[in-house]
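For reference, the structure discussed in these notes is given below.
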Amino acid sequence: MSERDRLFLLHPGFVDPAQGAHSFYCVDCAAIEGVLTYYPELRSRISVEHLAFLRPRAPLVELLGAEHQSCPVMVIGIRPSPPVAGLESSTSTGRLFAHGVPAITSYLAAVYQIPVVHP
C-alpha cells in the first residue's frame, strides 16, 4: 500500500494572540479549500488535515522539521515519477513537500490531473 499525500490546512476561525481577540482565517488555506470544493474527488485520494494556528504544529514538525510549519502545505507521500517541479525537500527529514497555493495547485495538476490555474 502506498503512502498518501497529506495536505495540511489551518482550522478556520483561529485566534492569533498577537493580533488581539479577533477570529481569523488563512486566505491561502481558503483558496486550497476552494480547489477541493471544485474537485471533490481529491478528498478521497489525499489526506486533508486541519491544524491549530498556534505552534508547534506537531504533525508538521514530525514530517518536515520545526523549520517548516507554515500552512498550507502538501507533504508528498511517494516521490512522483517523473519528478514534479516546485517541490522542496526538508533538510531535517528529507521529505518532499509543496508549500503555498502555486506549488500545491501545480502539484495537484501534475499528479492528480486537475486543470491548471489560469495565468
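- Residues I114 and V116 fall into different hydrophobic clusters, defined by Ile, Leu, Val, Met, Phe, Trp and Tyr side chains chained together at heavy-atom separations under 4.5 Å.
- Residues L96 and V84 have side chains not in contact (no heavy-atom distance under 4.5 Å, counting atoms from C-beta outward).
- Nearest heavy atoms, L60 versus Q69: CD1-O, 3.5 Å.
- Surrounding CD of E62 are at most 12 heavy atoms belonging to other residues, nucleotides or ligands under 6.0 Å away.
- Taking each heavy atom of P80 and I76 in turn, the nearest pair found is CD-CG2, 4.0 Å.
- For the pair L63 and F8, the minimum side-chain heavy-atom distance is below 4.5 Å.
- The 12-atom threshold is not exceeded at OH of Y25, counting heavy atoms of other residues, nucleotides or ligands nearer than 6.0 Å.
- Looking at R79 and L87, their side chains never come closer than 4.5 Å, going by heavy atoms from C-beta outward.
- P72 and D28 get closest at one heavy-atom pair: CD-CB, 3.6 Å.
- Looking at heavy atoms from C-beta onward, L9 lies out of side-chain contact with C71 at the 4.5 angstrom threshold.
- Seen from the ring of F53, R55 does not count as a face-on cation partner, given the 6.0 Å and 45° thresholds.
- Separation of atoms CZ (R57) and CD (E49) is listed at 13.5 Å; rounding is to 0.5 Å.
- With contacts defined as side-chain heavy-atom distances shorter than 4.5 Å, the pair V75/S90 does not qualify.
- Nearest heavy atom pair, residue F14 against residue C26, reads CE2-N, 3.7 Å.
- Looking only at side-chain heavy atoms (C-beta outward), Y107 and D5 come within less than 4.5 Å of each other.
- With contacts defined as side-chain heavy-atom distances shorter than 4.5 Å, the pair H99/H68 does not qualify.
- E67 approaches S92 most closely through the heavy-atom pair OE2-OG, 2.6 Å.
- Linking ILVMFWY side-chain heavy atoms closer than 4.5 Å, directly or via other members, places V15 and L54 in two distinct hydrophobic clusters.
- A heavy-atom distance below 4.5 Å is not found between the side chains of I32 and V48.
- The distance from the CZ atom of R45 to the CG atom of L7 is 14.0 Å, given to the nearest 0.5 Å.
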